[in-house]
Amino acid sequence: MKKALVTGTTGQDGSYLIELLLAKGYEVHGTKRRSSSFNTSRLENLSRERGSKPDNLFLHYADLADAGSLTNLVRDVQPDEIYNLGAQSHVAVSFEVPEYTADVTGVATIRLLEAIRASGLGTRFYQASSSEMFGSTPPPQNEETPFHPRSPYGAAKVYSYWAAVNYREAYGIHASNGILFNHESHRRGETFVTRKITRAVARIVEGLQTELVLGNLDAVRDWGYAPEYVEAMWLMLQHETADDYVIATGEAHSVREFVEAAFARVNLDWEKYVRTDARYERPSEVDALIGDASKAARVLGWKPKTTFTELVNLMVDEDLQSVRDERSGKLVRIDI
Ligand code: NAP
Ligand code: F7E
């Protein structure tokens with residue numbers, strides 16, 4: 001039985017990756033952070049029916065800012081694969097907490113790579129790199145496109161990207177970067193733009209909210225469906241040689257188009273509900289990200305399946321269901 005260690009288990013991607021790895025028969029070890037309230041809601045469906053977590057899943061308290069907790073975990077678990085998904089992942093927030101973002105999203109990668117190096121185990125390593133590293137370099141972006149990050153988050157991800165490349169070249173560690181473009185789902189954090197929009201649509205339909213306030217509607221993004229993107233992470237670590245891959249759909253839409261499609265799903269005219277406010281704009285914006293994932297298709301056999309309209313519709317539908325469940329008291333947080 002293969003063993004995987006996943007940081008960022010409680011996030012969107014971590015929850016999907018854990019499901020994938022458990023389905024493939026892995027023993028999965030995930031990190032979680034101490035929080036004053038439940039922060040494992042995305043993992044609850046793994047244990048809701050049984051009332052307890054799956055036997056092959058182990059959650060450990062750790063923090064990416066705490067080298068000791070990471071080194072001890074690698075030593076104790078002796079994983080075959082590490083997926084580093086943990087991060088301060090919000091671009092706008094990274095302008096407010098730049099040093100913390102540099103530490104957790106940047107330096108922490110070296111903490112994990114050093115733990116692998118010290119262990120001498122041959123553990124394979126996946127680094128959650130981001131299209132934000134391309135920043136202001138015009139689309140389409142692929143593995144050869146120069147980086148020009150536009151936020152402390154983007155800069156921290158560039159550091160981590162090069163750390164993974166360097167440990168591959170210097171020490172022969174099987175370390176791969178997945179340069180993932182935006183990917184979404186109904187498990188997406190509520191303050192990222194897609195989920196903010198689909199939740200607002202659901203709450204407006206249910207009479208719980210009257211308007212939606214957004215920032216820059218002109219930004220263009222390449223939005224894919226998160227469960228398909230965690231498959232790509234796993235494929236990278238199964239490949240004989242480590243390498244770096246862009247994962248994207250190649251299809252681009254503006255935030256305005258996302259808004260329009262989300263309101264159209266419930267037959268509402270978005271212009272009656274949406275207004276903009278400069279407080280949601282960033283000190284420096286990334287105007288357009290459109291990925292070229294042809295290398296991943298050629299080498300890994302990975303291709304996106306869910307279309308933009310399907311993604312918007314499924315997110316709106318799930319949020320409508322969640323808002324209704326919340327109102328009827330069906331959603332109760334459980335410990336995992
Ligand atoms: P997410 O939902 O924000 O999840 C981030 C995870 O990191 C959460 O489990 C969070 O824990 C954890 N975390 C934050 N600070 C930590 C710390 N100091 N120590 C340990 N864990 C910490 O992000 P996501 O959308 O799943 O993305 C996964 C990874 O891919 C991130 O590295 C992100 O930067 C990167 N990425 C995402 C996208 C995308 O479109 N989603 C695209 C490219 C790259 P809590 O739950 O306790 O906050
Ligand atoms: O913003 C604009 C905003 O916060 C998308 C992270 O997962 O993907 C994500 O980063 C666009 C930006 O995602 C609002 O200015 C307008 O242009 O959903 P977002 P992001 O910044 O692209 C990358 C690939 C990652 O790696 C990151 O971890 O939407 N926008 N109005 C808004 N954005 C937000 N959040 N809120 C608004 O009200």
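Side chains are part of it too, since the values below use all heavy atoms of this structure and drop only hydrogens, waters and symmetry mates. Remember, it's 1-based here, ligands and their atoms both numbered in the order they're listed.
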So is Gln12 in contact with ligand 2, going by heavy-atom distances below 4.0 Å?
no
Protein heavy atom at shortest distance from [atom]:
atom	value
atom 26 (O) of ligand 1	Asp13 N, 2.8 Å
atom 43 (C) of ligand 1	Leu180 O, 3.1 Å
atom 12 (C) of ligand 2	Arg221 NH2, 3.6 Å
atom 30 (O) of ligand 1	Ala128 CB, 3.5 Å
atom 2 (O) of ligand 1	Gln12 N, 3.1 Å
atom 21 (O) of ligand 2	Arg282 NH1, 2.6 Å
atom 44 (C) of ligand 1	Ser129 O, 3.4 Å
atom 34 (O) of ligand 1	Tyr153 OH, 2.5 Å
atom 38 (C) of ligand 1	His183 CE1, 3.2 Å
atom 27 (C) of ligand 2	Ser89 O, 3.3 Å
atom 23 (O) of ligand 1	Ser89 OG, 3.6 Å

Using a strict 4.0 Å cut-off to heavy atoms of [X], name the atoms of ligand 2 that fall inside it.
X	result
Lys196	37 (C), 38 (O)
Ser131	24 (C)
Tyr280	38 (O)
Val91	10 (O), 21 (O)
Arg188	6 (C), 7 (O), 8 (O), 9 (C)
Ala219	17 (O)

Electrostatic pair Arg221:Glu285 at N-O distance under 4.0 angstrom:
yes
Ion pair Asp244/Arg168, N-O distance below 4.0 Å:
yes
Using a plain distance cutoff, I'd like to know if [X] has any nitrogen or oxygen under 3.5 Å from a nitrogen or oxygen of ligand 1.
X	value
Thr10	yes
Ala62	no
Arg188	yes
Asp63	yes
Gly8	yes
Gln88	no
Asn182	no

Heavy atoms only: which of [options] lies closest to [atom]?
atom	options	answer
atom 48 (O) of ligand 1	Arg33, Arg195, Lys157, Met233	Arg33
atom 16 (C) of ligand 2	Asn182, Asn216, Leu214	Asn216
atom 31 (C) of ligand 1	Leu64, Leu85, Asp66	Leu85
atom 25 (C) of ligand 2	Phe181, Phe134, Tyr153	Tyr153
atom 26 (O) of ligand 2	Ala226, Ser130, Ser151, Ala288	Ser130
atom 7 (O) of ligand 1	Ala87, Gly224, Gly11	Ala87
atom 15 (O) of ligand 2	Glu285, His90, His183	Glu285

For Tyr161 and Phe147, take the angle between the two ring planes, folded into 0 to 90°, and tell me which bin it lands in: parallel under 30, tilted 30 to 60, perpendicular over 60.
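Ring orientation, 0 to 90° scale: perpendicular.
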Would you call the rings of His253 and Phe308 parallel, tilted or perpendicular, taking 30° and 60° as the class edges?
parallel
Nearest non-hydrogen partners of Ala87 and Thr105, listed with the distance
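Nearest pair, atom of Ala87 first, then Thr105: CB-OG1, 3.8 Å.
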Kindly give the heavy-atom pair with the smallest separation between Gln209 and Leu212, and that separation in Å.
NE2-CA, 4.4 Å
Taking atom [atom1] of [X] as the centre, does the number of heavy atoms from other residues, nucleotides or ligands within less than 6.0 Å exceed 12?
X	atom1	result
Glu144	CD	no
Gln238	CD	yes
Trp270	CH2	yes
Lys303	NZ	no

Close N or O approach ([X], ligand 2; < 3.5 Å):
X	result
Val193	yes
Thr194	no
Gly215	yes

With Leu64 as reference, evaluate Thr109, Asp103, Asn84 under the side chain to side chain contact (heavy atoms under 4.5 Å, CB included) test and give the passing residue.
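Option passing the side chain to side chain contact (heavy atoms under 4.5 Å, CB included) with Leu64: Asn84.
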Using a 4.0 Å heavy-atom threshold (strictly under), name the region of Thr191 that reaches ligand 2: side chain, backbone, both or neither.
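Backbone only.
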